[in-house]
Amino acid sequence: MPLMAGLMERFAVQRPFEGLAIAACLHVTAETAMMVRLLRAGGAAVSLAASNPMSTQDDIAAALAEQYGIAVFARAGVDRRGYYRHIELALDQGADLVIDDGGDLVNTLHTRAAALLATVKGGCESTTTGVIRLRRMAAEGALAFPVVAANDTAARRLVEGTCGTGQSAIDGILRATNTLLAGKTFVVAGFGASGRGIAERARGLGAQVIVTEIDPVRALDASLRGFRVLPMANAAPLGEVFVTATGSCDVIGAEHFAAMRDGAILANAGHFDAEIDVRALAGLARAVHPGVRQHVDAYELGDGRTVLLLAEGRVVNLVAAEGHPPEVMDVAFGIEALALAWLACAVSSNTGDKLPVGVHDVPADIDAEAARLVLAATGTTIDALTPAQQAYLESWRLGS
Amino acid sequence: MSADQLPFQVADLSLASFGRKEIQLAEHEMPGLMAVRAEYAPVQPLRGAKITGSLHMTVQTAVLIETLVALGAQVRWASCNIFSTQDHAAAAVAVGPDGTPDDPKGIPVFAWKGETLEEYWSCTELALTWPDQEGPNMILDDGGDATLLVHKGAEYEKAGGVPSPDSDDPEEWRIILDRLRNSLADEPGKWTRVAGNIRGVTEETTTGVHRLYEMARAGTLLFPAINVNDSVTKSKFDNKYGCRHSLIDGIKRGTDVLIGGKVAVVCGYGDVGKGCSESLRGQGARVIVTEIDPICALQAAMDGYQVATLEDVVQTADIFVTATGNRDVITAQHMSQMKHQAIVGNIGHFDNEIDMAGLTRWPGVRRTNIKPQVDEWTFPAEGGRDGHAIIVLSEGRLLNLGNATGHPSFVMSNSFTNQVIAQVELFTKREEYPTGVYTLPKHLDEKVARLHLDALGVRLTTLTKEQADYIGIPVDGPYKPEQYRY
């Protein structure tokens, strides 16, 4: 993780979080451990809760607690009540700044733990799903502090969505099912950065890929890249593997399950388990055979067909595989750490130009700085504009 | 003097200097041929060879022709397709590197772009008709038309006459029979004599090879043949990488249609179909493959293509390409069901993959020429459907040559280096090749590949003696068993 390693040195000197308490709600993985250590190197007191009840790697949680003395509240397979209890416990450790992954921590702060809101100066959100929730909160006037939407920078969309989710969603499906993708009809719901990455990689493995979309621009993009674009209702009877990557809910529902082929495989690569309507699937099933393989539940439908649901409809790349590879999380967390340092500086500004309450994009120069550090660490050098080129690009007087 | 007695027939000799410039550019891109020239020219292995070539008269073919000449051969040439001649290349070959348009010193070439079928078969016969009345002693064929004319001529001479065509025979067959009938009347015994002098033929393409094997099986093959097509460095390169390059070139030059987002149907998933599918997909088309062979169909499916029948998709696809080597793959009935402005083209060798005769006979169909090699065919309104039109490229003849310029030089250097080596083999080792159909031995195939590596900056690894012994092959090859499929 070259970016975070470089930032570790920088933050140890600059101490951007000196005296601040940071409560984080993230998947408890090795990469998150790096993030937590980086924040601490920058001067923060960090507490950590899991952002998904299934994704915690218990060994990592233990190591963070034992070796690094971090206040960790996470255990794999915890129930819903315990999951939210862990978030509250993490917040109780103090929260000048918060980091969220999906919005459950921010939601908790604004509901059950509202008493703590007054201390929170700002936060960062890692995922698209969380940012959608935050923007809705902001629009309703419910959001109480400024949040940086760290999910959505050009570098992250590329590295994390297209490359990271693209690779690890496939990885999760392969590990869970060991199915050959070549020759299979593979339906990807959503052609955002993640959906595109999944679709391209499935094609690379020899699958015939069908894309479903609600956005005409993305649908056109998929079509021009040679993917067949169909409504889910038309794709449902064709697909052999389905992956959702929309950020929406009920993308695959009862009417789709009813049309599917025997043996169809269902997986979700979106953040929440709402994309596949698991409840409707259970309602249709005559019998459910859990764990026919690890992370594979067989839903036997009334007419003898069986569909296989992976990871209970939760994010398959984290549950059935290992989530994003470290290189991806390096960029994601690196940008988030840089954004958080920028936020720490902005919210503690004494000049009066404090960041207003609302959802803010990551400044473009932070994205560029992160990309530059990654390139430097991997030995890639790039061109720089000459002064003459700079002048040319900035002038409206020069034409053909 | 009648036109038939001119030493050559090309469209415009004044194009020669342009042709020469393109030939010089092509020489740089044809390292295999140039290496063969350097290696063999001092020993003149083709001295005494009288080669009749029937192969697309392009710039790349000019480099082939001049390589054969450099190795000592005398050459006469015709194109093997009525649209594929590049007139500047033909002019440059006729003028030759040392001649001028006023004083041509090249080789007799009979080819121009846009021949009629009558002219085409006349050119083929002229290329086979040598001034000494003896005919060629070698044929270099592409599609087998020169070989066919010699075989049919000899067959009908033996039978004592040329049969009449059946009413449902294609137009072209009638023309061939007319030509042979005239030839038998003018010069009895000509084809038997020509056939008797021919030491062998080297055949360029799948279609011609198919004919040769059929004749060998039927016992009618009159001289040995080397199947150049099935050299790995030909079929796997020319057919796949060449068509991958030139298919979309032809479609774009012909129509300028955006390929991204279109549904393209490729009929046939052999080497040509594989290359075509790859480049169409690379441009963003969604490719659907049709196949009759379960192995190729499974390959297509495993490569991620939808495999359907033409009937399944004929009404919804935007682009249709035939690459089967078979006939009547796209029928007039199919074309009558296509979307308005669907594009139909063929990249197989012959023009019978798309049923152009059936299309022409379709009641009420109207042909509108858009530009050379691009025709719009409008069907009459019918059953509530407006009269829709389809776009047919190169009249159903291979569109990568008709609408574009065929395979690029580098690919053709692989194919043609095989051709030259095959000509040298057959001409110099007659006793090793009794009548039959042969492929080039693997070490020569590997040699062709080796001659092209430097130009691409390829650094080949050499086996150690221990490694070679471990897998039981010589350090210098051949590296693979005969049945290896690459």
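Each chain gets a letter, A, B and so on, in the order the sequences are listed, and its residues count up from 1. These values consider heavy atoms only, across backbone and side chains, with no hydrogens, waters or symmetry-generated copies.
Within 6.0 Å of the CZ atom in R261(A), the count of heavy atoms belonging to other residues, nucleotides or ligands exceeds 12. Within 6.0 Å of CD1 on I295(B) lie no more than 12 heavy atoms contributed by other residues, nucleotides or ligands. Counting non-hydrogen atoms of neighbouring residues, nucleotides and ligands closer than 6.0 angstrom, the CD atom of E200(A) exceeds 12 such neighbours. In the displayed structure, E382(B) atom CD is contacted under 6.0 Å by at most 12 heavy atoms of other residues, nucleotides or ligands. Counted within 6.0 Å of CD on Q294(A), heavy atoms from surrounding residues, nucleotides or ligands total 12 or fewer; the atom is thus considered open.
If you measure heavy-atom distances from V307(B) to chain A, the contacts under 4.5 Å come from the backbone alone. Residue I259(B) does not touch chain A at all, counting heavy-atom pairs closer than 4.5 Å.
At a heavy-atom separation below 4.5 angstrom, chain B is approached by L180(A), A182(A), G183(A) within residues 174-184 of chain A. By a heavy-atom distance cut of under 4.5 Å, S223(A), L224(A), R225(A), G226(A), F227(A), R228(A) are the residues of residues 216-234 of chain A near chain B, going up by number.
Listed for the Q208(A) side chain is no donor-acceptor partner under 3.5 Å among the backbone atoms of G304(B).
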